[in-house]
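Shown next, in structure tokens, is the structure this report addresses.
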Amino acid sequence: MKKAKETFVKVTLTKSLIAALPKQKATAKTLGLCKIGDSTVQKNDAVLGGKIRVLAHLVSVEDVKENAKGGKAE
């Protein structure tokens with residue numbers, strides 16, 4: 001079996017969590033996003049897709065060529 005290529009995305013918090021629902025605040029915390037401008041590189045999978053859907057109006061998402069450890073995401 002061939003190993004599937006892992007893709008990574010950079011998730012950045014662009015809007016405040018002050019008026020967000022508790023579920024949205026908890027989801028942002030699981031992604032490591034606390035303040036506006038915080039960003040993390042995450043493996044793109046179904047779980048991340050659900051988290052992004054919850055926070056769609058608060059975050060921006062962009063593809064990255066390398067993973068968080070600096071290695072190439074082949």
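In this text, all values refer to a predicted model and were calculated from it rather than measured experimentally. In what follows, residues are counted from 1 in the order of the sequence shown. Any value given below was found using the heavy atoms of this structure, including those in side chains, with hydrogens, waters and symmetry copies removed.
Using a 4.5 Å cut-off on side-chain heavy atoms (C-beta onward), L58 and L17 make contact.
Closest approach of I36 and S16 over heavy atoms only: CD1-N, 3.7 Å.
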Tabulate below the donor-acceptor pairs under 3.5 Å that side-chain atoms of residues 41-54 make, not counting sequence neighbours, or state none.
| from | atom 1 | to | atom 2 | distance (Å) |
| --- | --- | --- | --- | --- |
| Q42 | NE2 | T40 | OG1 | 3.2 |
| D45 | OD1 | L48 | N | 3.1 |

Name every donor-acceptor pair, under 3.5 Å, that has one atom in a side chain of residues 24-31 and the other anywhere in the protein, sequence neighbours excluded.
| from | atom 1 | to | atom 2 | distance (Å) |
| --- | --- | --- | --- | --- |
| Q24 | OE1 | L21 | N | 3.0 |
| T27 | OG1 | K23 | O | 2.8 |
| T30 | OG1 | T27 | O | 2.6 |

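In summary, of the residues considered (D38, L13, T12), a side chain to side chain contact (heavy atoms under 4.5 Å, CB included) with V59 occurs for L13 alone.
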